[in-house]
Amino acid sequence: MELNYQHYLNVGFQFVGFLTKSEMVKKKYKVEMRWMETFNPENKMGVYILAKEDQILKIGESQNLRHRFSCYESHSGPTNVMIRENIKEDDLISILFLECPSYEVGFGGVKVPSGINYRILEKNLLKQYEFETQTLPKWNKGKS
């Protein structure tokens with residue numbers, strides 16, 4: 001199995017936008033997020049994949065996709081800095097996203113949250129990637 005851009009589209013991920021870096025961007029780090037007009041990232045919980053052409057660069061998770069990507073544009077944490085430093089001028093880094101449904105169910109006489117756990121999904125996708133390729137995507141740190 002080849003774990004590339006097309007594979008993830010085939011299993012349910014959708015293209016939702018891209019990250020780019022340009023001197024024309026009026027932000028401190030010159031990195032900008034551009035969402036597809038038909039996609040609203042606000043409060044979207046799930047797993048995202050960053051890819052350049054057919055190369056998978058990062059598999060990540062987010063409880064709020066808009067907030068996560070605003071961090072890539074401006075926050076100083078080590079992962080955010082590493083991502084920004086690895087985006088070259090005028091690169092288009094594609095973002096694929098798979099939303100994890102969340103809903104409430106009645107259990108034990110009360111309502112409790114239920115659904116697909118986005119953190120477990122990310123962990124399992126990283127394990128699968130590492131098993132198939134013998135490595136992690138180059139922008140993922142540590143072990144799966």
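Below, all heavy atoms of this structure are taken into account, side chains as well, without hydrogens, waters or symmetry copies.
- Formation of a donor-acceptor pair under 3.5 Å by the K21 side chain with backbone atoms of D91 is not found in this model.
- By the criterion of side-chain heavy atoms lying less than 4.5 angstrom apart, applied directly or through intervening Ile, Leu, Val, Met, Phe, Trp or Tyr residues, F39 is grouped together with M33 in one hydrophobic cluster.
- One finds the CD1 atom of I87 at 10.0 Å from the CG atom of L92 (value rounded to the nearest 0.5 Å).
- In this structure the side chain of K30 never reaches within 4.5 angstrom of the side chain of S22, judged on heavy atoms.
- The CD atom of E53 sits 12.5 Å away from atom CG of N4, with the distance rounded to the nearest 0.5 Å.
- Put simply, the side chain of V112 does not reach to within 4.5 Å of the side chain of E104, judged on heavy atoms.
- One hydrophobic cluster holds both M82 and I93 under the rule that ILVMFWY side chains link at heavy-atom gaps under 4.5 Å.
- Hydrophobic clustering (side-chain heavy atoms under 4.5 Å, transitive across Ile, Leu, Val, Met, Phe, Trp, Tyr) groups L19 together with L9.
- Minimum interatomic distance between N117 and I120 (heavy atoms only, all atoms of both residues): OD1-N, 3.0 Å.
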- Test log, rule side chain to side chain contact (heavy atoms under 4.5 Å, CB included), inputs F69 and V16: CA-CA 12 Å; F69 279 88; V16 297; over 6 Å; no
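- By the 4.5 Å heavy-atom criterion applied to side chains, W35 and N40 are not counted as neighbours.
- Residue E61 holds its CD atom at 10.0 Å from CG of L126, rounded to the nearest 0.5 Å.
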- Message: I'd like to know whether K123 forms a side chain to side chain contact (heavy atoms under 4.5 Å, CB included) with I59, so could you lay out the CA-CA distance, the side-chain angles of the two residues, the decisive distance to 0.1 Å, and finally the verdict.
- Response: CA-CA 9 Å; K123 182 178 179 178; I59 298 173; over 6 Å; no
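- Taking CE of M1 as the reference point, atom CG of L3 lies at 5.5 Å (rounded to 0.5 Å).
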- May I have the step-by-step check of side chain to side chain contact (heavy atoms under 4.5 Å, CB included) for I95 and L50, ending in yes or no? CA-CA 5 Å; I95 298 157; L50 299 179; 3.6 Å; yes
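- Between K44 and R66, every side-chain heavy-atom pair lies at or beyond the 4.5 Å cut-off.
- The environment of NE2 in H7 is crowded: more than 12 heavy-atom neighbours from other residues, nucleotides or ligands sit within 6.0 Å.
- The structure places CD of Q55 at 14.0 Å from OH of Y5, a figure rounded to the nearest 0.5 Å.
- Judged by distance alone, with hydrogens and angles left aside, the side-chain atoms of R84 form a donor-acceptor pair with the main-chain N or O of Y72 at under 3.5 Å.
- Nearest heavy-atom pair, E130 versus L136, reported as atom, atom and distance to 0.1 Å: CB-CD2, 4.0 Å.
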- Where do Y129 and I49 land on the side chain to side chain contact (heavy atoms under 4.5 Å, CB included) test, with the steps shown first? CA-CA 12 Å; Y129 190 93; I49 292 175; over 6 Å; no
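- Judged as a ring pair (Phe, Tyr, Trp, His ring centres under 6.0 Å), and not counting sequence neighbours, Y118 has no contacts.
- When the side chains of ILVMFWY residues are joined at heavy-atom separations under 4.5 Å, either directly or via intervening members, V11 and L57 end up in a single hydrophobic cluster.
- Dense packing is recorded around CD of Q128, with more than 12 heavy atoms of other residues, nucleotides or ligands lying under 6.0 Å away.
- Counting non-hydrogen atoms of other residues, nucleotides and ligands closer than 6.0 Å to CD of E37 gives a total of 12 or fewer.
- Under the 4.5 Å side-chain heavy-atom criterion for grouping Ile, Leu, Val, Met, Phe, Trp and Tyr, M45 is not connected to L98 through any hydrophobic cluster.
- C100 approaches I116 most closely through the heavy-atom pair CB-O, 3.4 Å.
- Here the OG1 atom belonging to T38 is positioned 7.5 Å from the CD atom belonging to Q14, to the nearest 0.5 angstrom.
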